[in-house]
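Here the structure is laid out as structure tokens; the discussion comes afterwards.
All values below were derived from every heavy atom in this structure, side-chain atoms included, with hydrogens, water molecules and symmetry-related copies excluded. In what follows, every chain begins at residue 1, and chains take the letters A, B, ... in the order their sequences are listed. Just so it is clear, the structure is predicted and the values come from calculations on it, not from any experiment.
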There are 2 protein chains.
Amino acid sequence: MVQDVARAGLSRERLIAAGAELADEEGFEQVTVSALARRFDVKVASLYSHLRNSQELRTGIALLALAELADRAADALAGRAGRDALTALADVYRDYAHEHPGRYAAAQLRLDPETAAASGGVRQAQLTRALLRGYDLPEPEQTHAVRLLGSVFYGYVSMELGGSFSHSSPGPEESWTRILDALDTLLRTWPTPSAPTPTGP
Amino acid sequence: MVQDVARAGLSRERLIAAGAELADEEGFEQVTVSALARRFDVKVASLYSHLRNSQELRTGIALLALAELADRAADALAGRAGRDALTALADVYRDYAHEHPGRYAAAQLRLDPETAAASGGVRQAQLTRALLRGYDLPEPEQTHAVRLLGSVFYGYVSMELGGSFSHSSPGPEESWTRILDALDTLLRTWPTPSAPTPTGP
DNA sequence: TGCATTTGCCTAAAGACTTTAGGCAACTTA
DNA sequence: TAAGTTGCCTAAAGTCTTTAGGCAAATGCA
């Protein structure tokens, strides 16, 4: 019983990349060590030389997605400011989620603090903060605004992908534009608290 | 070998309620037919007389959470308007997520269209729309605003629960308040596409 | 009250995924 | 080309899901 014993050329990198493709094609829920082994036409146990466990596979995909998002965000913001930059950054998230729904779902995985701190998520926050420089907000407010923008981008895209908007009249595209209009306005006229936060002594 | 053959008194209702508790205690990921059977000290197969499959269990928990959220939202909005109503509704989501993280995670499950249409999610959207009556927005804009509020509530709470805000300086509580301030302002000065906000000449 | 039917939980079993242990062949290197 | 390392393999145990069929308790009816 002679077999083709050519090696499959597995590696952590390739496995995670293939896992990301699998996620986009079949859904992140379907990403499994077994499915991945099938895709490489290899026995399941073989993957465990490259991955500690299935969690590492999922986490790897999440980190890949977060890094890709940060890269795209950096690209989108280069040379832009104000409303233009806001739209560009927002569209990075929306477009990525549409192109790579499985990866986007992976990016929402809860990571343990150290892993999260070393992820592209941090860079994304920095980039959002950079975007806000065009809006001239006082420092304590800037953090709040970063969080607002993150929430809207993340929330809107998740809800749209989840079909929350697919059964009422204006298409999600139109709301997206109008919401970005509104956020732009809001950032230009950001209300400071009546009793301003103590910035220092 | 005489056994205690008293019946466990299982029912779809009780199973889903217990599943919701399990979700809050152990995490929605850990909600499994097997774990539930263990909790009732009953054999796994017994649950399949009450549940078509494990998906039905998860969906049931999601629908329970969506209904509970809608109930709380209705309660919170009763007799309130404007900024007061906005805060009350927003806190419904945030408080619920903190009290019942497993159920909240369940509520984010993608439901098929018919199920979603019959869920508490619809009522939540209606209630959000009712809240906006206090802000007097023209009709096409109202839908956009509903979606914005939904996105912010959902996005912010998810990110906070996911730990996205736990490693930067102002606590999530403070940002929440400031963001609600900002949204209140935004809704009062909502920019319409034809007549842009008088930001300047 | 006694009998028949229904109901509720059981045993058994098969299939899928995860993970570990240990083996052999194919590469690498000297 | 012999020795060592690496890469994928077989084997096996554990968990979860789901279906089929069985027995006894609960219920309904005369």
Side-chain angles (χ1 to χ4, degrees), chain A residues 1-62 102 105-106 109-112 115, chain B residues 1-62 102 105-106 109-112 115:
Chain A
M1 192 159 58
V2 178
Q3 292 170 277
D4 183 344
V5 282
R7 297 190 174 187
L10 305 182
S11 74
R12 212 191 100 100
E13 293 290 297
R14 286 193 63 195
L15 289 176
I16 288 173
E21 284 171 30
L22 183 58
D24 287 334
E25 291 165 21
E26 315 276 347
F28 187 57
E29 300 288 285
Q30 312 305 319
V31 173
T32 195
V33 181
S34 296
L36 205 51
R38 242 174 272 130
R39 183 162 283 223
F40 278 94
D41 200 24
V42 137
K43 296 298 172 180
V44 192
S46 306
L47 302 204
Y48 281 86
S49 312
H50 304 277
L51 302 169
R52 206 181 314 288
N53 50 39
S54 74
Q55 184 55 36
E56 182 172 321
L57 171 61
R58 284 185 280 266
T59 302
I61 298 171
L109 208 68
R110 294 214 198 311
L111 303 173
D112 59 292
T115 309
Chain B
M1 189 160 60
V2 177
Q3 293 171 274
D4 183 344
V5 282
R7 297 190 175 185
L10 305 181
S11 75
R12 212 191 101 99
E13 293 291 296
R14 286 193 62 197
L15 288 176
I16 288 173
E21 285 172 30
L22 182 59
D24 288 334
E25 291 166 21
E26 315 276 348
F28 186 58
E29 300 288 287
Q30 312 305 318
V31 172
T32 197
V33 180
S34 296
L36 204 52
R38 243 174 270 131
R39 182 161 283 221
F40 278 95
D41 201 24
V42 136
K43 297 298 173 180
V44 192
S46 306
L47 302 204
Y48 282 86
S49 312
H50 305 277
L51 302 169
R52 205 180 314 287
N53 50 39
S54 73
Q55 185 54 36
E56 183 172 321
L57 171 61
R58 285 185 278 267
T59 302
I61 298 172
L109 207 68
R110 295 216 197 310
L111 303 173
D112 58 293
T115 310

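- Close to D/dC9, at under 4.0 Å from its OP1 or OP2, lies a side-chain N or O of A/Ser46.
- Atom CD of A/Glu26 is separated from atom CG of A/Asp24 by 10.5 Å, given to the nearest 0.5 angstrom.
- Distances shown here put every side-chain N or O of A/His50 at or beyond 4.0 Å from the OP1 or OP2 atom of D/dT6.
- For the pair B/Arg14 CZ and C/dG8 C1', the computed distance is 13 Å after rounding to whole Å.
- When rounded to the nearest whole Å, the span between CD of A/Glu29 and P of D/dT17 equals 13 Å.
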Pair A/Leu36, A/Val31 - check side chain to side chain contact (heavy atoms under 4.5 Å, CB included), show working. CA-CA 7 Å; A/Leu36 205 51; A/Val31 173; 6.0 Å; no
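- Remark: side-chain polar atoms of B/Ser11 are paired, donor with acceptor, to backbone N or O of B/Arg14 under 3.5 angstrom.
- Counting heavy-atom neighbours within 6.0 Å of A/Asp41 CG, excluding the residue itself, gives a total of 12 or less.
- Between B/Lys43 atom NZ and D/dT18 atom C1' the separation is 16 Å, expressed in whole Å.
- For the side chain to side chain contact (heavy atoms under 4.5 Å, CB included) with B/Leu15, the lone residue among B/Val33, B/Leu51, B/Ile61 that qualifies is B/Leu51.
- Between the side chains of B/Arg58 and B/Ser54, a donor-acceptor pair is found at a separation under 3.5 Å.
- Overall bending of the helix from C/dT1-D/dA30 to C/dA30-D/dT1, expressed as the angle between end axes built from five pairs apiece, is 10° (10° steps).
- Per the geometry, CG belonging to B/Asp41 stands 19 Å off P belonging to C/dG8, to the nearest Å.
- The CG-P distance, from A/Leu47 to D/dC8, rounds to 9 Å in whole Å.
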Passes side chain to side chain contact (heavy atoms under 4.5 Å, CB included), B/Asn53 versus B/Glu56? Steps please. CA-CA 5 Å; B/Asn53 50 39; B/Glu56 183 172 321; 3.8 Å; yes
Under a 4.0 Å heavy-atom criterion, the protein footprint on nucleotides 14-24 of chain C, written with B, S and -, is ---SBBBB---
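- Salt bridge status for A/Glu25 with A/Arg39: present, with a side-chain N to carboxylate O gap under 4.0 Å.
- For A/Arg12 and D/dC8, the CZ to P distance is 16 Å, given to the nearest whole Å.
- Distance B/Leu36 CG to D/dC16 P: 12 Å, rounded to the nearest Å.
- Rounded to a whole Å, the CG atom of A/Leu51 is 14 Å from the C1' atom of D/dG7.
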Go through the steps for A/Gln55 and A/Leu109 under the test side chain to side chain contact (heavy atoms under 4.5 Å, CB included), then give the verdict. CA-CA 11 Å; A/Gln55 184 55 36; A/Leu109 208 68; 4.0 Å; yes
